[in-house]
Amino acid sequence: MVEAIIPEETREAVRLLDQRLLPWEERYLTVREAQDTAEAIRQMAVRGAPAIGIAAAYGLALHMGRRKGLPLPDRRRAFREAYRLLAESRPTAVNLFWALRRLAQVWEAYGEGERPGAVDALWEEARRLHEEDRQQNRRIGQQGAEALWAYLRGRGAVQEGGRIAVYTHCNTGSLATGGYGTAFSILRQLWQEGRLSHVYAGETRPRFQGGRLTAWELQKEGIPFTVVVDSAAGALMAQGKVQAVVVGADRIARNGDVANKIGTYTLAVLAKAHGIPFVVAAPTSTLDGDTPTGEAIPIEERDPEEVQGKEPCRYLAPGAPVWNPAFDVTPASLVTLWITEKGSVKPPFSSNPLSL
Ligand code: MRU
């Protein structure tokens, strides 16, 4: 399995597989504190909601590890500043704030750094949430495959012993998480059970997480797939070529509205129009019970240059104005199944308590 985040045994650095270079180059970049970790998140060297949270947790632990020798007031100030810096790196994925809050809880339990062992405890908490994410993702795969199969069987949409083709969007695999993936974990499970015939991966403009990253992970898994431009999804469904859409999430509001990669909403509308189940898979750390509906979810807008391209690869007419939201919101009414590590769940959701 691909390892997107590798903590060093020395506890002085973490290696992040630079996802901007994939699949052409497999190069790790090394982060040692909050500033470089926040920059890696902002620039999307590390990306995907759970992976962002894990990276931020390590970034905070690394930052404090380098400041062990400072007087207590300076250490406390360093913690607050690093926390803020990391929290400001990307706004939409709630896993980032959830992971930082978990570390803040540990810091507080150690008298905000006054009690000995606080820094070690931060590192261990980061390791713990990394490991928990992997385990949860395995369960998401098992639970999701079972729930989707039961749903399709219940509607006579698949025969016993039959296989389905699934459409997915963006990248939700090992790269986007602590391991295994969320929606990708369901694909992996269906494949292992002999229930998956084919995956259609939307290329996911403008950063091509589908065409670059999901395609790369599917190749490594030996799962048959085809990449399509995002706007081919409707044609595929109209031709009866996909039996389900399975995607991840960056934040799920209390009422079940889902923020995910731009284009997800379009897929949900299309799935509804074609009578195809629309499945959202995420760990409970993506549930945000404090946000009542999707309307209140902050949506990141990124540099127009991502859409315009730059020399030598320009895509648009020079000077063409661009709107570049990184995410959209799919209303709960369009979601067929919400899958977490706890199985198929239904709104209203409360936030995940800070630890399991
Ligand atoms: O902008 P990105 O690449 O971080 O967006 C990622 C997504 O939208 C994923 O679908 C989501 O984080 C779920 S990843 C398991």
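Atoms within each ligand, like the ligands themselves, are counted from 1 in listed order. What you see is a predicted model; the values in this text were computed from it and never measured. Basis for what follows: all heavy atoms, side chains included, without hydrogens, waters or symmetry-related copies.
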Counting heavy atoms under 4.0 Å, the part of Arg207 that contacts ligand 1 is neither
Glu146 atom CD, over 12 foreign heavy atoms within 6.0 Å: no
Side chain, backbone, both or neither: which applies to Ala249 and ligand 1 if a contact is any heavy-atom pair less than 4.0 Å apart? backbone
With distance as the sole test, does Asn171 use its side chain to make a donor-acceptor pair with the main-chain N or O of Gly210 at under 3.5 Å? no
Check for me whether Met44 has a heavy atom closer than 4.0 Å to any atom of ligand 1. yes
Quick one: does Phe184 get a heavy atom under 4.0 Å from ligand 1? no
d(Arg205 CZ, Asn324 CG) to nearest 0.5 Å is 9.0 Å
Shortest protein heavy-atom distance from atom 3 (O) of ligand 1, along with the residue and atom involved: Arg47 NE, 2.5 Å
Ile140 vs Ile186, side chain to side chain contact (heavy atoms under 4.5 Å, CB included): CA-CA, chis, key distance, verdict: CA-CA 7 Å; Ile140 287 172; Ile186 299 178; 4.3 Å; yes
Not counting sequence neighbours, list each pair that qualifies as a ring pair (Phe, Tyr, Trp, His ring centres under 6.0 Å) and has a residue in residues 188-213. His198-Tyr200
Closest to atom 8 (O) of ligand 1 among protein heavy atoms sits Asp250 OD1, 2.8 Å
Side-chain contact, heavy-atom cut-off 4.5 Å: Leu187 with Thr172? no
Return a yes/no value for His169: is any of its N or O atoms, backbone included, closer than 3.5 angstrom to an N or O of ligand 1? no
Heavy-atom nearest neighbour in the protein, as seen from atom 10 (O) of ligand 1, with distance rounded to 0.1 Å: Asn260 OD1, 2.7 Å
Residue, atom name and distance, where the atom is the protein heavy atom closest to atom 12 (O) of ligand 1: Ala49 N, 2.8 Å
Could you tell me whether some N/O pair between Ala176 and ligand 1 is separated by less than 3.5 angstrom? no
Answer yes or no for Ala93: is there a heavy-atom contact with ligand 1 below 4.0 Å? no
Using distance alone, decide if ligand 1 has a nitrogen or oxygen within less than 3.5 Å of any nitrogen or oxygen in Thr172. no
Does atom CD (Gln159) have a neighbourhood of more than 12 heavy atoms from anything else shown, all under 6.0 Å? no
Look at ligand 1 and say whether Arg90 reaches it with a heavy atom at a distance under 4.0 Å. yes
Ligand 1 contact on Gln209 by region, counting heavy-atom pairs under 4.0 Å: side chain
How far is atom 1 (O) of ligand 1 from the closest protein heavy atom, and which atom is that? Lys261 NZ, 2.7 Å
Pro50 touching ligand 1 at heavy-atom level, < 4.0 angstrom: yes
To the nearest 0.5 Å, how far apart are CD1 in Ile41 and CG in Asp36? 10.0 Å
OH of Tyr265: more than 12 outside heavy atoms within 6.0 angstrom? no
Which Ile, Leu, Val, Met, Phe, Trp or Tyr residues join Phe327 in one cluster when any pair of side-chain heavy atoms under 4.5 Å counts as a link? Ile297, Ile299, Val329
Check whether Phe79 forms a cation-pi arrangement with Arg75 (NZ or CZ under 6.0 Å from the six-membered ring centre, at most 45° off the ring normal). no
Identify the protein heavy atom lying closest to atom 15 (C) of ligand 1, giving its residue, its atom name and the separation to 0.1 Å. Thr182 OG1, 3.1 Å
Using a 4.0 Å heavy-atom cut-off, say whether Thr177 meets ligand 1 through its side chain, its backbone, both or neither. side chain
